[in-house]
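The structure appears right after this line, and notes come after that.
Residue numbers begin at 1 in each chain, while the letters A, B, ... track the order of the sequences. FYI, side chains are in, hydrogens and waters are out, and symmetry mates aren't considered; it's all heavy atoms of this structure. Keep in mind that this is a model prediction, so the values were computed, not measured.
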There are 2 protein chains.
Amino acid sequence: MVSYSKIKKILKAHKLRVTDGRVDILGYFLSQNRTLSFKDLEDKFDESDRVTLYRTLNAFTENGVLHKIPDDSGFATYGLCHDTCSSDDHVHDHMHFKCDECGIIECLEQNIPSVKVPGYQIKEATLVLKGICKNCVA
Amino acid sequence: MVSYSKIKKILKAHKLRVTDGRVDILGYFLSQNRTLSFKDLEDKFDESDRVTLYRTLNAFTENGVLHKIPDDSGFATYGLCHDTCSSDDHVHDHMHFKCDECGIIECLEQNIPSVKVPGYQIKEATLVLKGICKNCVA
DNA sequence: ATTATATACGCAATTGAGTTGCAAAAATGT
DNA sequence: ACATTTTTGCAACTCAATTGCGTATATAAT
């Protein structure tokens, strides 16, 4: 279980007001330690308002608590940022993996290989792998 | 200008019926030789129905005429496939670039560097670069 | 501690991309 | 030319996400 004081500290560090809803959601991310889709969160916190959930996720994303994982399937999925992320400095170089079987999206340890394109100024790269994850292969 | 007979040949080769709308849209892709967003096409062909446009793009995508470019911004963008694509064999290994200034998405020549993740079975990879394109840098 | 101010919440309504159903129109095969 | 299959166009619908606004709550100031 993640302590309330730790969660509170994280929220403050990211210039976010400490509200019950935010504590619950951040606490859930920290305890699960995996990416969570909007649906996951909606199911878990079904007593609270969808709009508030959207706004909370947006606030977390803007302030460097979460990062939104690119996914064309139409279901927003979020992962915890590294400790170093803030609203100012919000950088992610890791790859993501989406499993065709279980549908779960994972943040991979590996960084995106750096790519150069002559004449282009590259600021950011997103690399999403699809296939079958470690759990489903077994 | 792209000849009608050539367009017709391409449609037939991809097992698509030759209709006025399809000829116009494919012809526009061939003449422009760049990726086009749904909005681009809607503006260009504003006399025709949105639904038909969606269905045409879906048919083209399924049959290997176009490929849908992953984009989290919520605007579907499409690019011409290579000649080798068909409804059966529809593979794209190239990277995409989205310019922060002009918003245009380009298909790059370069292929996505192959990545391996221990224990995972990778079937597909998408790599989108963001930054400033050749034209806007100048 | 109390008050003031800024921010977040909850509800209803709205937006906007994309889809579905269905009857009419057009394209292919014979 | 005819029969069959696919496509088109229209209206209505779905579903994720956003916006407006009055109320509630968190932080800052006194």
What I want to check is whether the side chains of B:Asp40 and B:Ser37 have a donor and an acceptor closer together than 3.5 Å. yes

Using a 4.0 Å heavy-atom cut-off across all strands, classify A:Lys39 as base, sugar-phosphate, or nothing. sugar-phosphate

Let me know the distance between CG of B:Leu41 and P of C:dG18, rounded to the nearest Å. 12 Å

Spacing of A:Asp20 atom CG relative to C:dC9 atom P, expressed in whole Å: 9 Å

Nearest-Å distance for atom pair CG/C1', residues B:Asp49 and C:dA26: 16 Å

When you measure only distances, ignoring hydrogens and angles, does the side chain of B:Arg17 come within 3.5 Å of the base of C:dG29 through a donor and an acceptor? no

In whole angstroms, the gap separating C1' of C:dA12 from CZ of A:Arg55 amounts to 12 Å

For a quick test of reading the model: is some side-chain N or O of B:Tyr54 closer than 4.0 Å to OP1 or OP2 of C:dG18? yes

Considering every strand and a 4.0 Å limit on heavy-atom distances, what is the contact class for A:Ala76: base, sugar-phosphate, or nothing? sugar-phosphate

Do any side-chain nitrogens or oxygens of B:Thr19 fall under 4.0 Å of OP1 or OP2 in C:dA27? no

Is a salt bridge present between A:Lys98 and A:Asp71, judged by a nitrogen-to-oxygen distance below 4.0 Å? yes

Rounded distance in Å - CG (B:Leu53) to C1' (D:dC10): 16 Å

Rounded to whole angstroms, how far apart are CD1 on A:Ile25 and P on C:dA8? 13 Å

Taking the nucleotide of DNA chain C with the nearest heavy atom to each, does A:Ser48 or B:Glu42 sit closer to the 5' end? A:Ser48

Given the structure, check if the side chain of A:Arg50 and the base of C:dG10 hold any donor-acceptor pair shorter than 3.5 Å. no

Approximate separation, where rounding is to 0.5 Å, of A:Leu80 CG and A:Thr35 OG1: 10.0 Å

Closest-nucleotide mapping onto DNA chain C: is A:Thr52 or B:Lys8 further toward the 5' terminus? I mean the 5' end. A:Thr52

Here's a test of your reading of the structure: between B:Val51 and B:Leu16, which maps to the more 5' nucleotide of DNA chain D? B:Leu16

Considering every strand and a 4.0 Å limit on heavy-atom distances, what is the contact class for B:Arg22: base, sugar-phosphate, or nothing? sugar-phosphate

Classify the ring geometry of B:Phe38 against B:Tyr54: parallel below 30°, tilted from 30° to 60°, perpendicular beyond 60°. parallel

CZ of B:Phe75 versus P of D:dA17: gap in Å, rounded? 15 Å

Give a yes/no on whether any side-chain N or O of B:Asn58 is located under 4.0 angstrom from OP1 or OP2 of C:dG18. no

Rounded to whole angstroms, how far apart are CG on A:Asp24 and P on C:dA8? 16 Å

Side-chain donor or acceptor of B:Gln110 paired with backbone N/O of A:Lys116 under 3.5 Å: yes

